[in-house]
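To keep things clear, I will list the structure first and then write my remarks on it.
Lettering follows sequence order; numbering is per chain, from 1.
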Amino acid sequence: MKSAEVETRIRQVAGQRRLPETHLERWLALDQPSRARLLEITETLKLRTGQIVTAIDTLHEIAVREQTTIAEILDRPDIRRTLKSAGSTPARARALIDQLRTMRFPLLRAMQSRLAAEIAALKLPRGIEVVLPHELGSDELTVSIAAHSGADFERMLAALESKKTALMRVIELLGGKQ
Amino acid sequence: MNFEIDSIFVERGCADTPLATRVIRAAATRVPIVHIDDARELAKPDPNARDPFGAGKRRMIIARRKTPFLMACPAGSSRFACCGYLVLTLASNCPMDCSYCFLQEYLADNPAFQVYANFTDSFDELDRLIRSAPDKHFRVGTGELADSLAFDSMTGMSRDLIEFFSTRENLTLEFKTKTDEIENLLATDPRGRVLVSWSLSTDAVFRSSEHRTAPPSARIKAARVVLDAGYRVAFHFDPLIAYENAQRDYVELIDELLDTISPKNISFISMGGLRMTPGLRTVARRRFANDPMLCGEEVMAPDGRYRTFTPLRLKLFSTLAERFRNCGAEIPAYLCMEPAAIHERVFGTVPPRPATIGERLASS
């Protein structure tokens, strides 16, 4: 596809989706392979406005951090797999955005998964909730108890007591200990 | 180190001050000198400049400061453990250009590089401070809204400051810098009252983000020289940036530091994680669109700043703290702009009350 044709189609998509002017400018400012590849994916997956904005922001940040181009990122095998996977077009679009977010925050995602697994392994009774800080933005772990009777409450406290070591380990992980 | 400036503006009433005389002499014929009635308009951003903040750095203004010179550190907040640092604002803005610098937001409406011709008036404020609390010891720094030494070869301010502080037992002066501009310091006897601190970053951060600064190795070498000349030295690992291999690089940096300077000769160290308000992040990314250090794993923290997500940030703090703990001498250390609970996690103790660093400097 010729450069002028790509630009025309990007402008058409931006117009249809009411893409913010700043993001249109950033899209058009990309190198030719990158803007063409992003256009192709946008059209194939019928990305919505918010998804296009997220894709442009996230891809740009990954490209800067890894000193690569957006075209190279979108041609990676795991991205290709997502694009070709089974499932509806909206589901594949959501999967792509999620995958880009994971690429943007690989260590955060890995730590979130690890902590979530540690908490799941506690097998705490219904009524006790262990909540991690949003995006691990602090070191504060929230444990809440929803009890309906004194006996209920005592049972839950006992459950927490029996898991104290494992819970403290979660808190230590939040504080950067391995 | 020679920084480029396009022009020097001297406000009416300042031309005959010692500071202006020195600067004009140092600039000689290299930089045009313009005499003006009122500097306020020139201090504002140039609306026609492609990068108004960057353009401001190249416009030096010599003017009178009409507000107090001495203030509490602007980083202080009830949310954070405080080191008791007092700031003496003798200049505003900095000829160097670090991509993460908070001045890009803090001085966005006032970006010209201003040097205050009446800076010795600050000595009266300091004397009043001493009189108000004669039993206390204060750590006072000039490196918050400007680099303490970046233009010292032109302004010669350091000599006046050292002369004043060397006769005040209750004060320690801290020059904070990313330069190796120490010539004036070597010509003056600090009598134990002056500390020079360097912000230290890894080579990767220096190359990517710290434009027009001295390389980290040059900063460490300069520290060794001023130490031998009778100054105290300290180091700020701030901002710590959690890029790939950061942990390894920071440990190597500390090793290089400790190979050059014995730990017992380090007055203190501080650490701070990269932190950016949304406004700062926007302007920083606009001015340095290709800096990978600005695209790390930062998330919105409870204080409204983007920070490296907590376990990763604390891991980096702890690694550095441990390296210093194992170096054979107890070096006082604190975290900048972190809550007391984080301090406790990293150092294993609650943070000392404010001003403790100043008091330790007095007794050591």
Taking every heavy-atom pair that is under 4.5 Å apart, which of Tyr243(B), Phe309(B), Phe317(B) has the most such pairs with chain A?
-> Phe309(B)
Heavy atoms only, distances under 4.5 angstrom: which of Arg104(A), Met111(A), Lys177(A) has the most pairs with chain B? Name it, please.
-> Arg104(A)
Proximity breakdown for Asp291(B) and chain A, heavy-atom pairs closer than 4.5 Å | backbone
When the 4.5 angstrom heavy-atom criterion is applied to Pro133(A) and chain B, the contacting part is neither
Among Leu174(A), Leu107(A), Leu115(A), which has the most heavy-atom pairs under 4.5 Å with chain B?
-> Leu107(A)
Taking atom CD of Glu140(A) as the centre, report whether more than 12 heavy atoms of other residues, nucleotides or ligands fall under 6.0 Å from it.
-> no
What one should report as the nearest heavy-atom pair of Gly175(A) and Leu314(B) is O-CB, 3.2 Å
dist Arg313(B):CZ -> Ser138(A):OG (nearest 0.5 Å) comes out at 9.0 Å
In this structure, are over 12 heavy atoms from other groups packed under 6.0 Å from Arg101(A) atom CZ?
-> no
Where do Gly137(A) and Pro302(B) come nearest, in terms of heavy atoms and distance?
-> O-CD, 3.2 Å
Is a side-chain N or O of Glu297(B) found less than 3.5 angstrom from the main chain of Leu108(A), in a donor-acceptor match?
-> yes
Roughly how far apart are Ser208(B) OG and Gln67(A) CD, rounded to 0.5 Å?
-> 7.0 Å
For Met300(B) and Glu135(A) the tightest heavy-atom approach is N-OE1, 4.2 Å
Decide if atom CZ of Arg48(A) counts as having more than 12 heavy atoms of other residues, nucleotides or ligands within a radius under 6.0 Å.
-> no
Engaged part of Leu173(A) at the chain B interface, taking heavy atoms whose separation is under 4.5 Å | backbone
Where do Ile171(A) and Arg345(B) land on the side-chain contact (heavy atoms from CB on, under 4.5 Å) test, with the steps shown first?
-> CA-CA 11 Å; Ile171(A) 294 173; Arg345(B) 275 197 191 260; 3.4 Å; yes
Just wondering, more than 12 heavy atoms not from Glu154(A) lying within 6.0 Å of its CD?
-> no
Answer yes when Glu244(B) and Arg65(A) have at least one side-chain N-carboxylate O distance shorter than 4.0 Å, and no when they do not.
-> no
Non-hydrogen side-chain atoms of Leu136(A) and Pro311(B) separated by less than 4.5 Å | yes
